[in-house]
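Read the structure below first, then the notes.
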Amino acid sequence: MKSLEIWFVLIRLVLISREQRRVRKWRKMIGAGGADWKHYARRKPNVVTRRIRKGIPDCLRGLVWQLISGSRDLLLMHQGVYEQLVLYETSASELDIIRDISRTFPSHVYFQQRHGPGQRSLYNVLKAYSVYDREVGYVQGMGFLAGLLLLYMSEEDAFWLLVALLKGAVNAPMEGLYLVGLPLVQQYLFQFERLVKEQLPKLGAHFDQEMINPSMYASQWFITVFSYSFPFPLALRIWDVFLYEGVKIVFKVGLALLKYCQDDLVKLPFEKLVYALRNFPEDALNPDTLLPMAYSIKVTKGLEDLKLEYLRMNGPQSHSPKSGNEERQLSVSTQKHSSLRR
């Protein structure tokens, strides 16, 4: 028994030492306050990609997310804007935001207290964004993005990272996920369905037979980037890559999940299939198993080709900005499910 305890202590010390070395590498890479980040990323992009895919150290995650998303630059260029939006502007979405606050990460201790610091910060960020971009305004799914960011940074930092994501400071803009009609969601679901049929033909055929389409299970993957219902250790690792490489990681992780569970999914009838696609087994959600599988899946060219096909079928107006005064609703099931609506 004594030797077993010593063995566990030694393993723990080895893991701590390994993590400390990893943190030192990251600190050297980004420099004090992120001063060396851009230079290092330009000089050694492959090293940066590899380290991000292995996971950003949690103690540095907030800073690194701001650096790789471009939000730090936005903050520095717009000093005082966030305070102005929070303190001196009013939003038509304020009541909607207040109503939805308690539904965002309700089991997380930071957001549990009614009118507590977590809920107040989340309200401020969402209200500020709804004023900053009145065309997009507020959609409930945005709360999960803002909430995740607030776990790692201040209100102002989280706001500008939200701006960087929706406006596309580095990667493709996300705002089409939240505009009326959810045009970008429709495109992504079209692309994902076709990728499933191309890369997992047996499962794709079974989905067709059972009349399963991605809107029944995958919409919130794109709208919340897996932060809505997936375990935090997995969601954080996905976000590390998402902020650096863009939305293709959402497609890759989705395909990897289906591939991992394919042998079980092809045996299920409609009702059990819908349930399984919203409740993946714990072993499928292990980031150290799922993410290497996702990284091995190639989607870049397929996504480009499918985007062009989608736009040819639907016309460029499918992505055109529209008035934000209409109801926005997300269908994620065979019923009229609207848990992520304005």
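We use all heavy atoms of the structure for the numbers below, so side chains are in, but hydrogens, waters and symmetry mates are not.
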Using 0.5 Å steps for rounding, measure from the CG atom of Leu234 to the CG atom of Leu285.
6.0 Å
Please list all pairs passing the salt bridge (charged side-chain N to carboxylate O under 4.0 Å, His left out) test where one or both residues lie in residues 253-272, with sequence neighbours left out.
none
I want to check something: taking the side chain as every heavy atom from C-beta on, are Leu122 and Thr104 in contact at a cut-off of under 4.5 Å?
yes
Same cluster for Phe232 and Trp239 if Ile/Leu/Val/Met/Phe/Trp/Tyr side chains link at under 4.5 Å?
yes
Just by modelled atom types, is the Ser107 backbone N or O under 3.5 Å from a matching donor or acceptor in the Gln112 side chain?
yes
If you look only at distance, which donor and acceptor atoms sit under 3.5 Å apart when one is on a side chain in residues 159-170 and the other is two or more places apart or in another chain?
residue	atom	partner	partner atom	Å
Lys167	NZ	Asp133	OD2	2.8
Lys167	NZ	Glu175	OE1	2.8

Heavy-atom side-chain proximity of Tyr188 to Val250 below 4.5 angstrom
no
Under a 3.5 Å cutoff, is there a donor and acceptor pairing between the side chains of Ser91 and Ser130?
yes
I want to check a possible cation-pi pair here: Arg43 against Tyr40, using under 6.0 Å from ring centre and within 45° of the ring axis as the test.
yes
Is it the case that Ser121 and Asn124 place a side-chain donor and acceptor less than 3.5 Å from each other?
no
Ring centroid separation Tyr82 to Tyr132 under 6.0 Å
no
Is any side-chain heavy atom of Gln199 less than 4.5 Å from a side-chain heavy atom of Leu195?
yes
